[in-house]
Amino acid sequence: MTSTAKPHSPTTTAFYAQAVVSFAVSLAAVGLGVAYLPVDGWVRAFLALGLLFTVTSAFTLAKCVRDRQEETYVVSRVDQARLEKLLAEHDPYRVEAA
């Protein structure tokens, strides 16, 4: 008995939308702050590159965390399938034929 049901995601659409909007607003605010900072162009470019590096690092970290969670889920599903198979095959009342 195997189940091919997809794992239920605890993230609602509203939470996902809020996270996307929050990220976009914060990125825009910091971007505008760097753009209008009263400093030389080189300093502004350095801060913009730092911001870009921070954003890409955050995406990479989020992907690594997600991949680890998915790997844990797959391993637990395989272990659960093996246990279900063992339990289905086990019959304590079976009599061995001689």
Side-chain angles (χ1 to χ4, degrees):
M1 178 173 161
T2 59
S3 174
T4 58
K6 293 180 78 174
H8 175 68
S9 174
T11 304
T12 63
T13 305
F15 179 79
Y16 181 77
Q18 180 184 1
V20 169
V21 169
S22 173
F23 175 76
V25 168
S26 66
L27 186 61
V30 174
L32 285 172
V34 169
Y36 288 106
L37 199 62
V39 293
D40 191 29
W42 287 104
V43 174
R44 192 175 295 122
F46 177 76
L47 292 174
L49 282 176
L51 175 62
L52 179 66
F53 181 67
T54 302
V55 169
T56 57
S57 296
F59 277 112
T60 302
L61 177 62
K63 183 186 179 314
C64 290
V65 169
R66 183 199 64 202
D67 289 349
R68 181 171 287 176
Q69 287 176 338
E70 286 178 354
E71 179 182 306
T72 302
Y73 175 76
V74 169
V75 168
S76 69
R77 285 294 299 153
V78 169
D79 289 342
Q80 184 179 1
R82 286 180 183 160
L83 178 62
E84 287 176 3
K85 181 182 176 194
L86 285 172
L87 289 175
E89 292 174 352
H90 178 70
D91 183 9
Y93 301 109
R94 179 178 29 175
V95 177
E96 296 291 329

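Because only heavy atoms are used, hydrogens play no part in the values below, and waters and symmetry mates are left out as well, while side chains stay in.
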One pair to check against side-chain contact (heavy atoms from CB on, under 4.5 Å): Leu47 and Val30. What are the steps and the verdict? CA-CA 10 Å; Leu47 292 174; Val30 174; over 6 Å; no

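Contacts of Phe46 classified as ring pair (Phe, Tyr, Trp, His ring centres under 6.0 Å), with partners at least two apart in sequence or in another chain: none. In terms of the side chain to side chain donor-acceptor pair (under 3.5 Å) criterion, Asp40 has no residue partners (sequence neighbours excluded). Listed by chain and number, the residues in a side-chain contact (heavy atoms from CB on, under 4.5 Å) with Gln69 are Val65 (sequence neighbours excluded). Among residues two or more places apart in sequence or in another chain, the side chain to side chain donor-acceptor pair (under 3.5 Å) test is passed with Glu70 by none.
Grouping the Ile, Leu, Val, Met, Phe, Trp and Tyr side chains by contacts below 4.5 angstrom, directly or via other members, places Leu51 with Phe59. Leu49 and Leu37 end up in different hydrophobic clusters when Ile, Leu, Val, Met, Phe, Trp and Tyr side chains are linked at under 4.5 Å.
Val20 belongs to a hydrophobic cluster with Tyr16, counting contacts under 4.5 Å between side-chain heavy atoms of Ile, Leu, Val, Met, Phe, Trp and Tyr, direct or through other members. Side-chain heavy-atom separations under 4.5 angstrom define the hydrophobic clusters, and the remaining members of the one that includes Leu32 are Tyr36.
For the side chain to side chain donor-acceptor pair (under 3.5 Å) condition, the pairs that include at least one residue of residues 59-68, sequence neighbours left out, are Lys63-Asp67.
Note: Thr56 OG1 to Leu61 CG = 11.5 Å, rounded to the nearest 0.5 Å.
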